[in-house]
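Accompanying notes for the structure given below.
Values below: every heavy atom of this structure, side chains too, minus hydrogens, waters and symmetry copies.
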Amino acid sequence: MSAPLLIGLATIIIAFLSFLTRNQRTTSALLAASGAAMISLFVLFAPFDSAFGIAGIPVRFDSRWVVLGRALSLEAAVRPMIGFLYIVGLLLMSGSWVVSVNRFFPAIAMLFLFTVAGSIMVEPFLYAAAFIGLAAMGSVLMLVSPDHPSSTGAVRLMVLYTFAVIAILISGWMIDTGSGTATALGEGVRAAGVISLGFAILLALPPFHVWITRSMQETDPYVLAFVIVVLQAAGFFLLLRFLDSYAWLRTDPILISGMRFLSIGAMVLTSLWALTTSDLRQVFGYAIIADICVVLLAVSNAEVDGIRISLGLFGSRILSIGIVALGLSRLSIGEGEWEGVGRIYPFAALGILIGLLSLSGFPLTAGFPGRWALLSLELSMERYSVLVVLITMMVFTFIVLRWAAILFAPGSVAESERIYVTKQLYFVFGLAGLIILGIAPQIVIPWVVEVATGLTNLFP
Amino acid sequence: MRVLSIFPILITTLNFLILLLNRVIFSIGLLWIQYVLAAVLMQPVQPVRTLVARLVGGTLICVILFSSERRFTTGLDAQERQSLPRSIWFKAIVALIFTLLGWAFAYQSQDSVESLQYYVRLGSILNIALGLVMLGLYQDAVEAAIGLLILLIGFDLFYSGIEPSLAILLLMLAIQVIIALATSYIMSIRHQSFLESSSIQ
């Protein structure tokens, strides 16, 4: 049987079961999370293209599934990326029962994950853009719900991702027709420009971050965090595959310096915006954007070390974003109502603060080892990029301290609803994870940095 | 060739009507005509199954939008649409500027896609340009969706000259169907929210 087809069928079955159990939030979330865990184990460890026996029955999983002359392929190079994606799904979907997210979230999230996995599996890989576009349009069904009926952010997401799909597909054509080469300078600039536009949208770099900041005010932070993380992961892996496939892109000075300029400029902008906002959810949005800029800065080195660091940074951000989103979703309050809520929900407030510190790369948190490695690498290249990364870290640390004072401000404390111990434990494990990964990154990071080593041109 | 030369004029007329008439139901009908035009136009150079795919996909998209517009147009939506400034002259001038820009761009890039005839390329670029205008002027999710779909019809026409495979056509149509479904979902949620708020009042 074809493995991609099997994953597709398993996804549909799990999504259907999660849909049936939508009124029991815990069951639905755990079903989807365990489904994602099973699929990730299958993708990472099942033997493909060779027969083996299960209880005496011969079984063979083909790594390719050909549809209309195009293939979905689980070749060795992409299997760790898909496994990583489903582990992200496992981590984030398992937490959804702690907060009151849209009942349909686990079911739609499973279909969303498969579509994004399709973007990694599809051959030729340029079609990935269409799969990512499909997933982005589908994510509207998660972002808008009866509890969160505003849809401006969701409409912006649809519009921007349509542009991204068009830009990536057109850039592929420009490259294939030979116009995008390092030697054809004028045409090369054009192709690099179109590619940059596509990836700037996929990674939500300013000014294409507007859907994130708007959705932060409109939708549940946990659902939004899931959508952002998975879509940015898809964009990030597609960027790595572009760099792997086209040697001239890795050495193109326009693209490389453009990436550096964009990431450094965006870090400065997001730091300023985060300083001026009075809404904690907006701070979270800006922290996510600043963090992806750091990842992009690491990629812009276009060398093995830089790419490994970017993968490490990408891995550590999942837990940080998950914990902050969980805390924000748990508090679920409007702008200007933050004062003193940390005294009612201490674990949620701590989750937000420590998660934000980790996202900003504060020492002893999960985000720090990657930042440290990047700073060491950058120090030998350009001093001003080191300075910007350090200033961004300090600005966000200052913002977190300011918000700590607001969240734990003394004053009248309203009556709190009943808080379940199991939900508190989830926060405790998350916080412990952030600190453990900060102190001992070797537990997970060595595996995460190997996720893309199948891209043999990037990792010779 | 002479028949083809009508295509850009038709496209421009349809898009101008969508922009200026300010009636969503009418716009959906005109959108469907654009899907039919695109399908018929590409038929001589592409297999019949792509014609069927475009017709079925386009009809499905328009049916989804039409039924949602009929069912979920809230009183609030109608009120908002009437009260927002929608000067017909302003929209006409913007559309005219973009039409001229599109025409100039198509004329300049004559050698870019040899497999695509000039009039088809001009039509596709005009669709993209006027789709962008609609996106710039939209005030509602369904209007944004119509603008996006028109832009995607234009891109589909252009891209089918580069990559004529059925797989990519179906993927692009799937994106358009999901856009229509997502828009319908947004409209239903807003309708529900409007009904709840009016029952409270």
Side-chain angles (χ1 to χ4, degrees), chain A residues 66-72 102 104 108 111-112 115 118-119 122-124 126-167 169-170 172-174 176-177 179 187 190, chain B residues 49-50 53 74 76 111-114 128 131-132 134-136 138-145 147-152 154-156 158-159 161-163 165-197:
Chain A
V66 179
V67 191
L68 296 167
R70 299 290 183 268
L72 287 180
N102 182 353
F104 300 103
I108 303 171
L111 298 172
F112 177 70
T115 315
S119 77
V122 71
E123 284 177 359
L126 272 175
Y127 283 17
F131 274 88
I132 296 173
L134 208 57
M137 307 307 159
S139 68
V140 171
L141 304 178
M142 289 187 277
L143 294 175
V144 182
S145 67
D147 295 331
H148 303 276
S150 301
S151 58
T152 313
V155 173
R156 284 181 185 176
L157 168 71
M158 283 204 296
V159 174
L160 286 172
Y161 270 74
T162 303
F163 290 144
V165 171
I166 291 174
L169 288 176
I170 287 285
W173 163 67
M174 291 169 88
D176 285 345
T177 51
S179 54
E187 300 292 341
R190 218 178 292 171
Chain B
R49 55 187 183 169
T50 60
T74 61
L76 185 72
D111 304 325
S112 59
V113 193
E114 285 161 10
I128 293 172
L132 283 172
M134 284 175 214
L135 278 177
Y138 86 91
Q139 289 147 337
D140 194 24
V142 69
E143 288 177 348
L148 258 187
L149 292 169
I150 285 171
L151 192 147
L152 280 170
F155 176 71
D156 178 37
F158 181 77
Y159 201 67
I162 301 165
E163 168 77 79
S165 88
L166 184 62
I168 191 73
L169 170 69
L170 290 181
L171 265 175
M172 294 308 289
L173 277 173
I175 289 179
Q176 293 172 51
V177 172
I178 298 280
I179 288 175
L181 280 174
T183 309
S184 167
Y185 176 70
I186 288 171
M187 289 166 78
S188 75
I189 293 286
R190 284 180 59 182
H191 182 69
Q192 196 181 326
S193 157
F194 171 73
L195 289 182
E196 277 167 16
S197 63

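The side-chain contact (heavy atoms from CB on, under 4.5 Å) with A:S151 is formed by just one residue from the set B:I186, B:T183, B:I189; it is B:I186.
Taking a cutoff of 4.0 Å between a charged side-chain nitrogen and a carboxylate oxygen, B:R190 and B:E196 do not qualify as a salt bridge.
Using a 4.5 Å cut-off between heavy atoms, A:Y161 makes no contact with chain B at all. Only the side chain of B:L152 comes within contact range of chain A, with at least one heavy atom under 4.5 Å from a heavy atom of that chain. Both the backbone and the side chain of B:I175 come within contact range of chain A, each with at least one heavy atom under 4.5 Å from a heavy atom of that chain. Heavy atoms of B:L132 lying under 4.5 Å from chain A belong exclusively to its side chain. Of the atoms belonging to B:A167, heavy atoms from both backbone and side chain fall under 4.5 Å from chain A. Contact of B:Q176 with chain A is not made at all, since no heavy-atom distance falls under 4.5 Å.
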(request) Run the numbers on A:I170 and B:F158 for side chain to side chain contact (heavy atoms under 4.5 Å, CB included), then give the verdict. (result) CA-CA 10 Å; A:I170 287 285; B:F158 181 77; 3.5 Å; yes

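Within the structure, side chain to side chain donor-acceptor pair (under 3.5 Å) contacts touching residues 128-139 of chain A (residues at least two apart or in different chains) do not occur.
When the candidates A:G133, A:S150, A:S145, A:G172 are compared by the number of heavy-atom contacts under 4.5 Å with chain B, A:S145 comes out ahead. The residue among A:V159, A:L143, A:V165 with the most heavy atom pairs within less than 4.5 Å of chain B is A:V159.
Panel note: side chain B:S184, backbone B:A180; no donor-acceptor pair is recorded below 3.5 Å.
Not a single salt bridge (Lys or Arg N to Asp or Glu O under 4.0 Å) links A:R156 to another residue, sequence neighbours left out.
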